[in-house]
Amino acid sequence: MNRLITLAFSHYNEKARWALERFAVPFEEHPYLPFFCSMAVAVSTRGRGGAADRTSSRYSTPVLFTDHGDVLTDSTEIVRFAAGSDSESFLSADVAPLVDHYGDQFGPYTRVLAYWHVLRHPGMIEQLADANVSRRQARVVRGLLPLVRSNLQNFLNLSEPSRDRAMARFQEELDATATRLEQNHYLCGDQFTAAYLTFAALLAPVLCVTPEEGYGAVLPSIDALDAEARKLVEETRAHPAGQFALRMYAEHRR
């Protein structure tokens with residue numbers, strides 16, 4: 001059985017999970033929380049990890065251990081593996097640059113915004129732990145919560161200036177995607193491709209997509225957010241690009 005190590009509620013992990021499920025690739029998911037997922041990757045890869053880049057460390061998830069003995073440490077690699085013989089159309093030469101663009105220029109900013117708000121809500125990490133991982137892991141998280149919070153703060157460089165930069169880039173990408181959809185009616189081609197999947201998955205943390213709407217893990221409930229975070233989610237859901245992402249979940253994920 002293919003084995004997928006995930007940071008349970010991560011949008012890059014949702015990208016990989018969605019592709020595997022879409023193409024009916026059997027896999028067993030091992031979900032973790034921040035900090036714990038890095039330890040799981042380090043142990044499972046015997047310290048080798050993957051390749052670090054501007055959006056991830058050597059020990060970031062997702063990591064897929066295939067039945068054939070391969071270790072895939074990049075979400076796009078996992079999408080290509082999942083698509084198999086369909087990868088020439090699902091992740092074609094025309095589609096791949098847009099997938100890379102959203103991965104590099106969109107996903108990091110939705111991640112910063114999501115964690116900025118999560119860490120400002122007392123008890124929310126504990127709630128996400130209870131909803132997404134084993135009871136044992138959730139108990140350990142409670143005991144090491146200061147370490148988990150510090151790890152996230154340092155890795156993401158969370159601060160008001162970084163939040164403001166992330167918000168500006170997020171809005172730019174959201175508006176650019178809406179313009180592309182308005183002009184062409186499509187992101188890239190008229191078929192559902194990895195570009196559609198990637199955009200919808202990477203926007204999900206700011207949409208707070210629910211499991212009922214198709215997300216493969218539990219994100220914060222909109223009702224549990226403060227006024228500032230709720231306003232961001234509601235405005236994103238009402239934005240044409242947000243509406244498009246929700247439609248991708250409704251039509252291609254649930």
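FYI, the numbering just counts along the sequence from 1. Atom set for the values below is all heavy atoms of this structure, side chains included, hydrogens, waters and symmetry mates excluded. On a predicted model such as this, the values are computed, not experimentally measured, just so you know.
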Does one side chain, of [X] or [Y], offer a donor that lies under 3.5 Å from an acceptor on the other?
X    : Y    : value
Q127 : H121 : no
Q243 : R237 : no
K15  : S10  : no
S38  : Y32  : no
D226 : H117 : no

From [atom1] ([X]) to [atom2] ([Y]), nearest 0.5 Å:
X    : Y    : atom1 : atom2 : result
T61  : I5   : OG1   : CD1   : 8.5 Å
I78  : N13  : CD1   : CG    : 8.0 Å
N151 : N154 : CG    : CG    : 7.0 Å
E182 : T177 : CD    : OG1   : 12.5 Å
L98  : T193 : CG    : OG1   : 7.5 Å
L144 : R149 : CG    : CZ    : 13.5 Å

Where [X] and [Y] come nearest, the two heavy atoms and their spacing:
X    : Y    : value
V118 : P220 : CG2-CG, 3.9 Å
A96  : L91  : CA-CD1, 4.1 Å
Y12  : S75  : O-CB, 3.7 Å
I222 : C208 : CG1-CB, 3.9 Å
C37  : P34  : SG-CA, 4.2 Å
A229 : L225 : CB-CB, 3.8 Å

Is a side-chain donor or acceptor of [X] paired with a backbone partner of [Y] at a separation under 3.5 angstrom?
X    : Y    : result
H252 : L197 : no
R58  : G47  : yes
S221 : D223 : yes
N132 : A217 : no
R180 : L187 : yes
T236 : G242 : no
E173 : Y102 : no
S87  : A83  : no
E213 : T210 : yes
N2   : P26  : yes

Is the shortest side-chain heavy-atom distance between [X] and [Y] below 4.5 Å?
X    : Y    : answer
F36  : V133 : no
L207 : Y215 : no
R253 : W18  : yes
P62  : L72  : no
V41  : S60  : no
V63  : L4   : no
Q153 : Y115 : no
T198 : F106 : no

Are [X] and [Y] connected in the hydrophobic side-chain network, where two residues link if heavy atoms are under 4.5 Å apart?
X    : Y    : answer
V218 : I125 : no
V206 : M248 : yes
M167 : W116 : no
V43  : V141 : no

Looking at Y186 versus Y196, is the centre-to-centre ring distance below 6.0 Å? no
Closer than 4.0 angstrom, basic N to acidic O: yes or no for E21 and R17? no
Tell me whether R142 is salt-bridged to D130, with the criterion being a basic N under 4.0 Å from an acidic carboxylate O.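 Salt bridge between R142 and D130, a charged N being under 4.0 Å from a carboxylate O: yes.
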Apply side-chain hydrogen bond (donor to acceptor under 3.5 Å, both in side chains) to residues S162 and S159 and explain how you reach the verdict. CA-CA 5 Å; S162 67; S159 64; 3.3 Å; yes
Kindly indicate, with the supporting measurements, whether the criterion side-chain contact (heavy atoms from CB on, under 4.5 Å) is fulfilled by F9 and L33. CA-CA 8 Å; F9 45 75; L33 291 178; 3.5 Å; yes
If you count heavy atoms of other groups shown closer than 6.0 angstrom to CD of E88, is the number above 12?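 No - once you tally the heavy atoms of other residues, nucleotides and ligands closer than 6.0 Å, there are 12 at most.
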As a quick check of understanding, evaluate side-chain contact (heavy atoms from CB on, under 4.5 Å) for L147 and F35, giving each step before the final call. CA-CA 8 Å; L147 181 61; F35 182 71; 3.5 Å; yes
Please identify which of these residues, E14, E29, H30, meets the side-chain hydrogen bond (donor to acceptor under 3.5 Å, both in side chains) condition with T6.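 Among E14, E29, H30, the one meeting side-chain hydrogen bond (donor to acceptor under 3.5 Å, both in side chains) with T6 is E29.
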Under the criterion salt bridge (charged side-chain N to carboxylate O under 4.0 Å, His left out), I'd like the reasoning laid out for E77 against R80: C-alpha separation, chi angles, the key distance, then a yes or no. CA-CA 5 Å; E77 283 185 316; R80 192 179 299 279; over 6 Å; no
Run the side-chain contact (heavy atoms from CB on, under 4.5 Å) test on V71 and L64 for me, step by step, so that the C-alpha distance in whole Å, both residues' side-chain angles and the decisive distance to 0.1 Å come before the verdict. CA-CA 6 Å; V71 181; L64 181 71; over 6 Å; no
The criterion is side-chain contact (heavy atoms from CB on, under 4.5 Å); which residues satisfy it with H68, sequence neighbours excluded? T66, D70
Criterion side-chain contact (heavy atoms from CB on, under 4.5 Å) on L203 and F170, from CA distance to verdict: CA-CA 9 Å; L203 182 55; F170 169 73; 3.5 Å; yes
Audit row: H239, D175, side-chain hydrogen bond (donor to acceptor under 3.5 Å, both in side chains) steps and yes/no: CA-CA 9 Å; H239 192 282; D175 292 342; 2.8 Å; yes
